Number of protein chains: 2
Amino acid sequence: MRNADLEEIRDLPLFRDMDGDHFGNLMRGAYHQNFPPQVTLIEEGRPADFLHIVTEGAVELYAGWNGRETTMAVVRPVATFILAACINDAPYLMSARTMMPSRIAMIAGSDLRATFARDAAFAQAIVRELAGCYRSVVRHAKDLKLRASRERLAAYLLRHARGSGAFDLPVEKRTLASYLGMTPENLSRALKSLGPDGVSVDGMRVTITDAAALVAVACPTPLIDGGDGCGDLSYTGSSSNC
Amino acid sequence: MRNADLEEIRDLPLFRDMDGDHFGNLMRGAYHQNFPPQVTLIEEGRPADFLHIVTEGAVELYAGWNGRETTMAVVRPVATFILAACINDAPYLMSARTMMPSRIAMIAGSDLRATFARDAAFAQAIVRELAGCYRSVVRHAKDLKLRASRERLAAYLLRHARGSGAFDLPVEKRTLASYLGMTPENLSRALKSLGPDGVSVDGMRVTITDAAALVAVACPTPLIDGGDGCGDLSYTGSSSNC
DNA sequence: TCAGAAATTTGACTTGGATCAAGCCCCGTT
DNA sequence: AACGGGGCTTGATCCAAGTCAAATTTCTGA
């Protein structure tokens, strides 16, 4: 594994505070590979053999049932995913596929479990990580249960407008639709319907023309939209999606 | 605090393996109180001062937004709740109220954080607990996103039929409806509509008259319905709802 | 640069589920 | 036994969102 990659991984909150030797051991037993787009990395139901870390590209976490499929999250560098399944040595609850050419590091789940039993600092980091992930899914569930799809979309746009009033959607619209729990057709119409509420769309480019009006639709609250960290569709940086 | 209660709490997977002195210290700083029904124990948004443990009765975890409200889980003895908020020293994401006369133990969040930083076995137990809770909410989200309400209801009934074909609903129907993300009216109609699919209802009593037919509707799968532990509406025993 | 494929949008239509409004039933109280 | 209240059911209606189909734009690869 390249030194630059090792440093990036070491910098993650998950690994930052752990013992250096332990980190070294963990990484010695790790793989690091390039994958083309649209490759399935993980299939739900399979035993959780590896903790995955995206170092380049982007990975979609999704779940299926009875012929239907839904996007649960998108993971961007540098971040880990499916930590929880590895810790519990339980089957993955979500599948994962690359969305573009990606570079993925894989750490054996057994090594992970052995290490966190020995390294208190690592165990603490895992605790914080998992607690953050848990809260992130709770927010997602609240979003789904408490808001209508138009409101979810409005809130999503506000979460991503951060300061500047214009930004590019981080994923294809059909993926966004799936993440928000609606059909692409409905997303398209909902976007248009938000025109009078201060949203203008051109391709992937979204401009908030009237933040106050949009806020009135979305009623954003940190208890749903807030981030202590990981989770949302475009999250980039040092956190994980379990 | 009564010795019997202490032992019950000590028996939880969360506290079982930790150092005896640490457990003692934790409990010395803890409260244990009786509450009448319909008392609000926690309001979402408040700082997470205490880890709560139900030793008797039942507690509803719910969340609100913009005048709407939804039930997220019901916690029964002996189990903890809102662990994640305490660990992260972050605001509660859910409110909690007693559903009947209940007895609740409360452990100061600061004690909790101090102890898990010092006690590796405790940290490990927390890791497992949180991983289980995380997976439980992921299942809930998958249930909401992938199944229609009739299918969710069918799956719920199968989860609770465990062996015998008849059981009593563990909560009022309106609470069940809210948990399943539908209105009481819709639940009532959905229950009736499952008649031809092997469900007969009399008040709180549900009888599965044709499990195969119901399975055909629900398509149950461990990746949504499975339990590695906590979460569901009627879960009783040694686990938690973070 | 162009052909073909994929993604998005639009339109017409259907439907699952919400809403509103009675009415019913169970149950504990007086 | 009558009363009252809450929860549950039923019926009528409405609306958000899904489905199906076709047109259009965007992207991609030869």
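Bear in mind that the values here come from a model prediction, so they are computed numbers and not experimental data. Within every chain, numbering begins at 1; the chains are lettered A, B, ... in the order of the sequence lines, protein sequences first and strands thereafter. Values below: all heavy atoms of this structure, side chains included; hydrogens, waters and symmetry mates excluded.
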Worksheet item: Between atom CG in B:Leu180 and atom P in C:dG16, what is the gap in whole Å?
Response: 18 Å
Worksheet item: Heavy atoms under 4.0 Å, any strand shown: does B:Glu172 hit a base, just sugar-phosphate, or nothing?
Response: sugar-phosphate
Practice prompt. Using the six-membered ring of B:Tyr62, assess whether NZ or CZ of B:Arg97 lies under 6.0 Å from its centre and within 45 degrees of the ring axis.
Written response: yes
Worksheet item: Please give, in whole Å, the distance from C:dG16 P to B:Leu187 CG?
Response: 17 Å
Response to the item:
Heavy-atom closest pair (B:Ala166 atom, B:Arg205 atom, distance to 0.1 Å) is CB-NH2, 3.5 Å
Show me the donor-acceptor pairs, under 3.5 Å and distance only, between side chains in residues 35-54 of chain A and residues at least two apart or in other chains.
{"residue": "A:Glu44", "atom": "OE1", "partner": "B:Lys142", "partner atom": "NZ", "Å": "2.8"}
{"residue": "A:Glu44", "atom": "OE2", "partner": "A:Gly64", "partner atom": "N", "Å": "2.6"}
{"residue": "A:His52", "atom": "ND1", "partner": "A:Phe50", "partner atom": "O", "Å": "3.0"}

Item to complete: In whole angstrom, give the distance that lies between atom CD of B:Glu185 and atom P of D:dT13.
Response: 16 Å
Worksheet item: Can you tell me how far CD of B:Glu69 sits from CG of A:Leu146, rounded to the nearest 0.5 angstrom?
Response: 9.0 Å
Worksheet item: Which whole-number value in Å describes the distance from B:Lys192 NZ to D:dT10 C1'?
Response: 7 Å
Item to complete: Please state how far atom CE in A:Met100 lies from atom C1' in D:dT28, giving the value in whole angstrom units.
Response: 16 Å
Worksheet item: To the nearest Å, how far apart are A:Leu191 CG and D:dT25 P?
Response: 18 Å
Worksheet, complete the sentence: Contacts of B:Pro184 and A:Asp202 projected onto DNA chain D by closest heavy atom; the upstream (5') one is B:Pro184
Worksheet entry | Between P of C:dT15 and CG of B:Asn186, the distance in whole Å | 16 Å
Discussion item. Please determine whether a side-chain nitrogen or oxygen atom of A:Thr183 lies at a distance below 4.0 Å from atom OP1 or OP2 of D:dG18.
Written reply: yes
Fill in: Closest listed nucleotide, where the reference is the side chain of B:Ser188 and the choices are D:dT10, D:dG18, C:dT8
D:dT10
Worksheet item: Got a donor-acceptor contact below 3.5 angstrom from the A:Arg139 side chain to the A:Pro222 backbone?
Response: yes
Worksheet entry | Taking every non-hydrogen atom, the tightest pair across A:Arg174 and A:Pro184 | CB-CG, 4.1 Å
Item to complete: Take atom CZ of A:Arg189 and atom P of D:dT24, then tell me their distance rounded to the nearest Å.
Response: 16 Å
Fill in: Close approaches to DNA chain D from residues 144-155 of chain A, in residue order (heavy atom, under 4.0 Å)
A:Ala148, A:Ser149
Item to complete: Quick one: pull up CD1 in A:Ile9 and CG in A:Leu14 and give me the separation to the nearest 0.5 Å.
Response: 10.5 Å
